[in-house]
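Just below is one structure, and these are the notes that go with it.
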Amino acid sequence: MTDQPWWQTGAIYQIYPRSFADSNNDGVGDLAGITARLGYLADLGVSAIWLSPFYPSPMDDFGYDVTDHTGVDPLFGSVADAIELIETAHRHGLRVLVDFIPNHTSHRHPWFEASRSSRDHTDWYYWRSPAPDGGPPNNWLSLFGGSAWTFDADRGEYYYHAYLPEQPDLNWRNPAVRKAQYDVLRTWLGRGVDGFRIDAFRQLLMDPDWRDNPVNPDWRPGDDPYLSLLPIHSTDQPDILDVITELRAVLGERVLTAELYLPFDKLARYHRAGIQLPSNTHLLSTPWTPAAIARLVEEYEQCLPADAWPNWTTGNHDRSRIATRVGPAQARIAAMLLLTLRGTPILYYGEELGMRDIAIPDSQVQDPLARRLPDQAMGRDPQRTPMRWTPTPHVGFCPDHVTPWLPTEPHPPGADVASQQTAPNSMLTLYRSLLRLRQTPALRSGSYRTVSVSDGVLVFERRATDNVVLVALNFSGSSRPITLPSTARVLLSTHPLADASASVLRPNEGLVVADERPRTS
């Protein structure tokens with residue numbers, strides 16, 4: 001493959017703005033703080049950053065409840081700060097993707113306030129009369145617990161919300177809503193952004209007949225209550241593909257990624273419809289074994305349309321960090337897996353340092369969801385703690401006399417940028433080396449083939465014509481023999497390279513090996 005677009009050849013780095021860098025000493029990260037750290041990201045070797053929401057918001061869901069899709073919340077700075085960030089990123093050779101939140105607004109958004117009073121925007125949201133018994137119009141559930149319907153006394157009707165009651169869903173069957181949201185995209189394009197990550201995309205349209213969702217026969221008490229029903233009428237509707245066509249007309253070739261927790265066969269239709277990187281989140285939940293990983297990769301490759309491009313991620317702002325899920329030793333295997341599979345890797349900030357979840361004391365919980373549903377195992381705060389820059393009390397995120405919005409300790413010594421910057425065997429050095437190595441033809445654009453899965457070891461091949469690379473990953477804590485070509489040359493190890501062998505994998509070791517056997521044309 002030649003002349004690949006940047007989003008195929010590079011890696012995307014997700015930043016949670018609250019937690020990356022605090023420039024004004026209030027304990028909360030901001031846009032100017034991100035701008036000051038762009039040199040670090042360019043040196044890391046990523047090609048783009050994706051910014052989680054920074055829009056004006058009452059923070060009922062920390063920015064996913066928007067009151068102005070084209071503004072910047074004062075907590076994070078100003079529109080001028082956003083433009084400065086975008087322009088500085090471009091000077092560093094970095095693209096910028098921002099979150100686009102089309103599905104819902106805050107209940108304090110002027111559109112919803114007008115809609116409630118029926119003065120204006122009356123059909124910009126989903127309003128329905130009560131059922132004959134006075135209850136909700138149907139049985140749909142909110143992803144954040146309870147019914148997806150809230151009664152509004154001003155209108156005498158229920159409104160629909162896929163998430164919190166403070167996040168009413170916009171009516172995307174109303175052309176005026178679509179136009180307003182496409183104008184939001186045009187505003188940010190005019191400010192220089194290079195693409196968008198669409199939040200909650202499969203919730204964008206619902207069954208127009210508002211039929212009840214069927215009971216999930218596989219659900220058991222103790223499972224997520226939302227999954228007690230199969231959301232076939234409240235998500236993933238067929239005509240959402242028409243929206244993608246309209247989005248492409250607005251964006252041209254600019255990149256789109258979208259939040260879609262879906263099986264691969266359903267994900268494939270979003271590829272075909274024109275979203276370049278519909279989010280593949282399966283590594284967040286797949287069992288951490290070589291057999292399960294190999295099956296996952298093969299299924300994904302088989303389901304992808306012919307011209308589609310894969311994407312992978314091992315973490316995000318809603319899920320436990322990879323180093324917590326698989327342990328610090330296997331986190332190095334996860335890094336090598338993520339950055340050598342075919343497709344675009346999406347990194348979550350701090351993964352390159354081996355950052356782990358931090359348990360948050362009850363008195364310091366910030367996540368609005370955790371406060372609303374305290375039984376949800378501490379909510380999402382543990383994976384959103386501040387980026388670790390220096391080995392100081394507040395890790396260089398903010399001055400030591402300022403209290404950060406979330407705790408920074410306890411954490412292993414050395415899990416910070418300053419400590420790992422020049423350490424030859426640090427996690428940060430491993431990520432930098434892998435990101436450089438990804439530019440070899442085999443890893444940048446080559447095909448994927450599983451070579452072997454046995455005794456805790458996965459070996460796969462990446463091939464681009466005569467450039468062939470083998471990746472061998474030891475998922476066990478014991479040494480494992482491997483059979484590689486006698487001409488194999490070790491390019492990179494998760495362990496000290498001087499002791500690497502193409503015949504034995506050390507415990508928790510991964511190797512990238514050049515297969516240099518002569519080949520006939």
Which donor-acceptor pairs under 3.5 Å do the side chains of residues 199-206 make with protein atoms, sequence neighbours left out?
| from | atom 1 | to | atom 2 | distance (Å) |
| --- | --- | --- | --- | --- |
| Asp199 | OD1 | Arg197 | NH1 | 3.2 |
| Arg202 | NH1 | Thr235 | OG1 | 3.4 |
| Gln203 | OE1 | Tyr163 | OH | 3.3 |

| query | Is there a side-chain contact between Trp309 and Thr344, using heavy atoms and a 4.5 Å cut-off? | reply | yes

| said: Pair Leu338, Leu347 - check side chain to side chain contact (heavy atoms under 4.5 Å, CB included), show working. | reply: CA-CA 9 Å; Leu338 177 66; Leu347 286 60; 4.2 Å; yes

| request: State the CD-CD distance between Glu253 and Gln276, to the nearest 0.5 angstrom. | output: 7.0 Å

| message | Under a 3.5 Å cutoff, is there a donor and acceptor pairing between the side chains of Glu352 and Tyr13? | response | yes

| Hey, is the main chain of Gly510 close enough, under 3.5 Å, to the side chain of Asn474 for a donor-acceptor pair? | no

| task | Determine, step by step, whether Trp172 and Tyr182 satisfy the ring-ring contact (aromatic ring centres under 6.0 Å, His included) criterion, reporting the C-alpha distance in whole Å, the side-chain angles of both residues, the deciding distance to 0.1 Å, and the verdict. | result | CA-CA 11 Å; Trp172 266 75; Tyr182 298 151; 5.7 Å; yes

| message | Pairing donors with acceptors under 3.5 angstrom, does anything connect the side chains of Glu298 and Thr450? | response | yes

| field | Test item: side-chain donor near acceptor, Asp30 and Ser23, under 3.5 Å | value | yes

| Partner of Tyr159 by ring pair (Phe, Tyr, Trp, His ring centres under 6.0 Å), out of Phe112, Tyr125, Trp124 | Phe112

| task | Report yes if the side chains of Glu461 and Val469 come closer than 4.5 Å at any heavy-atom pair, otherwise no. | result | no

| query | Is it true that Arg186 and Asp183 have a side-chain N and a carboxylate O under 4.0 angstrom from each other? | reply | yes

| Does the gap between the ring centers of Trp140 and Tyr160 come in under 6.0 Å? | yes

| field | Backbone of Arg211 reached by a side-chain donor or acceptor of Asp207 within 3.5 Å | value | yes

| request: Examine distances only and state if a side-chain atom of Gln439 and a backbone atom of Leu437 form a donor-acceptor pair shorter than 3.5 Å. | output: no

| field | salt_bridge(Glu84, Arg91) N-O dist < 4.0 Å | value | yes

| query | If we only count heavy atoms from C-beta on, is the Leu51 to Asp99 side-chain gap below 4.5 Å? | reply | no

| task | State whether a side-chain donor-acceptor pair under 3.5 Å links Asn171 with Asp123. | result | no

| query | Would a distance-only check, ignoring hydrogens and angles, find a side-chain to backbone donor-acceptor pair under 3.5 Å from Trp405 to Arg18? | reply | yes

| message | Would you say Thr314 and Glu351 are linked by a side-chain donor-acceptor pair, where the criterion is simply a distance under 3.5 Å? | response | yes

| request: Find the distance between CG (Asn311) and OG1 (Thr281) and round it off to the nearest 0.5 Å. | output: 9.0 Å

| request: Report yes if the side chains of Phe460 and Tyr448 come closer than 4.5 Å at any heavy-atom pair, otherwise no. | output: yes

| Can Arg95 be said to sit on top of Trp7's aromatic six-ring, NZ or CZ under 6.0 Å from centre and within 45° of the ring axis? | no

| query | Have Thr245 and Asp242 got a donor and an acceptor in their side chains that come within less than 3.5 Å? | reply | no

| Tyr349 side chain near Ser19 side chain, heavy-atom distance below 4.5 Å | yes

| query | Are the aromatic rings of Tyr64 and His317 close, with centres under 6.0 Å apart? | reply | yes

| Within-4.5 Å side-chain heavy-atom neighbours: Thr67 and Pro56 | yes

| query | With a 4.5 Å limit on heavy-atom distance, are the side chains of Asn316 and Arg319 in contact? | reply | yes

| query | How far apart are the C-alpha atoms of Arg438 and Thr9, what are their side-chain angles, what is the distance that settles it, and do they pass the side chain to side chain contact (heavy atoms under 4.5 Å, CB included) test? | reply | CA-CA 8 Å; Arg438 284 192 80 250; Thr9 61; over 6 Å; no

| Do the side-chain N and O atoms of Trp288 and Gln330 include a donor-acceptor pair separated by under 3.5 angstrom? | yes

| field | Test item: Asp194 side-chain N/O and Val96 main-chain N/O as donor-acceptor pair under 3.5 Å | value | yes

| message | Between Arg173 and Asp239, does any NZ, NE, NH1 or NH2 come within less than 4.0 Å of an OD or OE carboxylate oxygen? | response | yes

| Pairwise distance CG(Leu97) to CD1(Ile198) - rounded to 0.5 angstrom | 10.5 Å

| query | How long is the gap from CZ on Phe264 to CD on Gln302, to the nearest 0.5 Å? | reply | 10.5 Å

| said: Tell me whether Asp68 is salt-bridged to Arg108, with the criterion being a basic N under 4.0 Å from an acidic carboxylate O. | reply: no

| task | Assert yes or no for the condition that the ring centre distance of Trp188 to Phe100 is strictly below 6.0 Å. | result | no

| message | Is any side-chain heavy atom of Tyr226 closer than 4.5 Å to one of Ser142? | response | no

| message | What I want to find out is whether Arg432 reaches Asp43 closely enough, with some N-O distance under 4.0 Å, to be called a salt bridge. | response | yes

